[in-house]
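Here's the structure we're looking at; comments come further down.
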Protein chains: 2
Amino acid sequence: MRHDFKINTMTTTKTDLFSPELQHKARLFKALAHPARLAILQYLAEIKCCITGNIAEEIPLGRTTVNQHLKELKEADLIRGTVEGAKTNYCLNAQAIEDLRRESDAFLSGIDVGKNFC
Amino acid sequence: MRHDFKINTMTTTKTDLFSPELQHKARLFKALAHPARLAILQYLAEIKCCITGNIAEEIPLGRTTVNQHLKELKEADLIRGTVEGAKTNYCLNAQAIEDLRRESDAFLSGIDVGKNFC
DNA sequence: AAATCATGACGCAAAATTACGTCATTTTTG
DNA sequence: CAAAAATGACGTAATTTTGCGTCATGATTT
């Protein structure tokens, strides 16, 4: 197929070519794919109960950046944010995290049963 | 740092501000953060033993793209590739996957002990 | 030896992620 | 009510990811 120019472009997001299950898992893993987000989850777990949004001070990043990460965690439904006056309470979605744990575990233990060698 | 204006721009990768543990976990989760890579892992598990690199035909993406994903999985040490003549055999690194499973499990079950409510 | 095959390096373009600054809005508080 | 606080929306720059085409290299076939 000999072209003198590049005609074609059209890049990115072929993710819908995969099963919804894989897409879903990939999305969740992606939510965990940044240390800041892991740190946020840990902090929320540590604090035990819902706290107002002073999370930014615990994370070595700017407030708006932390907010961005919070948004991503919220979109992955791993945390919940409820407005309380001027402040916002964030807390873990324990159910979702437990589901993720289970799903992740199932995937990963389903993976290495073969005991493959090279 | 004696600048009156923003000369500087310097965005991105503050990841070293976090603990090596969180960085490590985030890196691993990132390796799992694309459906194609999950599909590759599943396929390798299914095939039981090491196979030559016809993985590309199983994945609905171009060969070089699949190669890229293989490279990422290899860099995360989740798979191994050994050259055999003109071909390359890929197989799971069962130990690494088991470690990841354990680590992921520990992280996620450590997270929701609080039974937080909002 | 020549054609074919398999693979990875390289480069490129589009898109997404990361990190912030600024601003508008909505509370609180003095 | 006015100032201060808290938050999210929006914009922006740099960087990374995604997806692919092309090419060089090193086997395999024939």
Side-chain angles (χ1 to χ4, degrees), chain A residues 1-18 23 26-27 29-40 51-76 79-90, chain B residues 3 5-18 23 26-27 29-40 50-76 79-90:
Chain A
M1 304 346 142
R2 172 136 196 47
H3 288 134
D4 292 4
F5 318 88
K6 11 183 94 178
I7 286 167
N8 171 358
T9 341
M10 190 282 191
T11 327
T12 324
T13 32
K14 304 254 170 177
T15 59
D16 11 327
L17 297 177
F18 298 90
Q23 287 182 54
R27 237 190 327 271
F29 285 131
K30 195 171 215 169
L32 302 178
H34 194 290
R37 292 194 287 273
L38 297 180
I40 290 171
I51 47 105
T52 55
N54 47 354
I55 302 165
E57 281 138 35
E58 299 294 319
I59 306 287
L61 293 171
R63 193 199 42 97
T64 50
T65 305
V66 172
N67 221 333
Q68 189 99 10
H69 286 301
L70 285 169
K71 196 176 152 197
E72 278 167 74
L73 287 170
K74 220 172 0 176
E75 274 163 7
I79 67 173
R80 293 272 164 76
T82 58
V83 180
E84 191 161 319
K87 307 208 168 185
T88 303
N89 286 339
Y90 286 102
Chain B
H3 290 133
F5 320 89
K6 30 172 84 175
I7 281 169
N8 173 357
T9 346
M10 193 287 184
T11 329
T12 326
T13 33
K14 304 253 170 175
T15 59
D16 11 328
L17 297 177
F18 298 90
Q23 286 183 53
R27 235 190 329 270
F29 285 131
K30 195 170 213 170
L32 302 178
H34 194 289
R37 293 195 285 273
L38 298 180
I40 289 171
C50 305
I51 48 105
T52 57
N54 48 355
I55 302 164
E57 282 139 34
E58 299 295 318
I59 306 289
L61 293 170
R63 192 195 48 92
T64 50
T65 305
V66 173
N67 221 333
Q68 188 97 12
H69 287 301
L70 286 169
K71 197 175 151 196
E72 279 168 73
L73 287 170
K74 219 170 3 174
E75 274 163 7
I79 66 173
R80 293 271 164 76
T82 59
V83 180
E84 191 162 318
K87 307 207 169 187
T88 304
N89 285 339
Y90 287 102

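In the text below, chain A, chain B and the rest are named by the order of the sequence lines, each starting its count at 1. The analysis underlying the following values was restricted to heavy atoms, covering all of them including side chains, and did not include hydrogens, waters or symmetry mates.
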Practice item. Heavy atoms under 4.0 Å is the rule here; annotate nucleotides 24-30 of chain C 5' to 3' with B where the base is hit, S where only the sugar-phosphate is, and - elsewhere. Key: ---SS--
Exercise for review: In whole angstrom, give the distance that lies between atom CG of B:N89 and atom P of C:dT7.
Suggested key: 9 Å
Check your understanding: Between C:dT7, D:dG19, C:dC20, which nucleotide has the shortest distance from any of its atoms to the side chain of B:K14?
Key -> C:dC20
Exercise for review: Name every residue in residues 29-37 of chain B that has at least one heavy atom under 4.0 Å from any atom of DNA chain D, in order of residue number, or write none if there are no such residues.
Suggested key: B:K30, B:H34, B:R37
Point to revise | Rounded distance (nearest 0.5 Å) linking atom CG of A:L70 with atom CD1 of A:I79 | key: 4.5 Å
Study note, to complete from the structure: From CD of A:Q68 across to P of D:dT15 the rounded distance in Å is 18 Å
Exercise for review: Using atom OH of B:Y90 as one end and atom P of C:dT7 as the other, report the distance to the nearest whole Å.
Suggested key: 7 Å
Review point. Starting at the 5' end of DNA chain D, which residue's closest nucleotide do you reach first, A:L70 or A:F18?
Key: A:L70
Point to revise | Nucleotide of C:dA19, C:dT18, C:dG8 approaching B:R63 most closely (side-chain heavy atoms) | key: C:dG8
Practice item. Starting from C1' on D:dA6, measure out to NZ on A:K71 and report it in whole angstrom. Key: 17 Å
Exercise for review: Determine yes or no for a side-chain-to-main-chain donor-acceptor pair under 3.5 angstrom, with B:R37 supplying the side chain and B:K30 the backbone.
Suggested key: yes
Practice item. Return the nearest nucleotide to the side chain of B:H69; candidates are D:dC23, C:dA19, D:dT18. Key: D:dT18
Practice item. Specify the residue among B:E72 and B:T64 whose closest nucleotide of DNA chain D lies further upstream toward the 5′ end. Key: B:E72
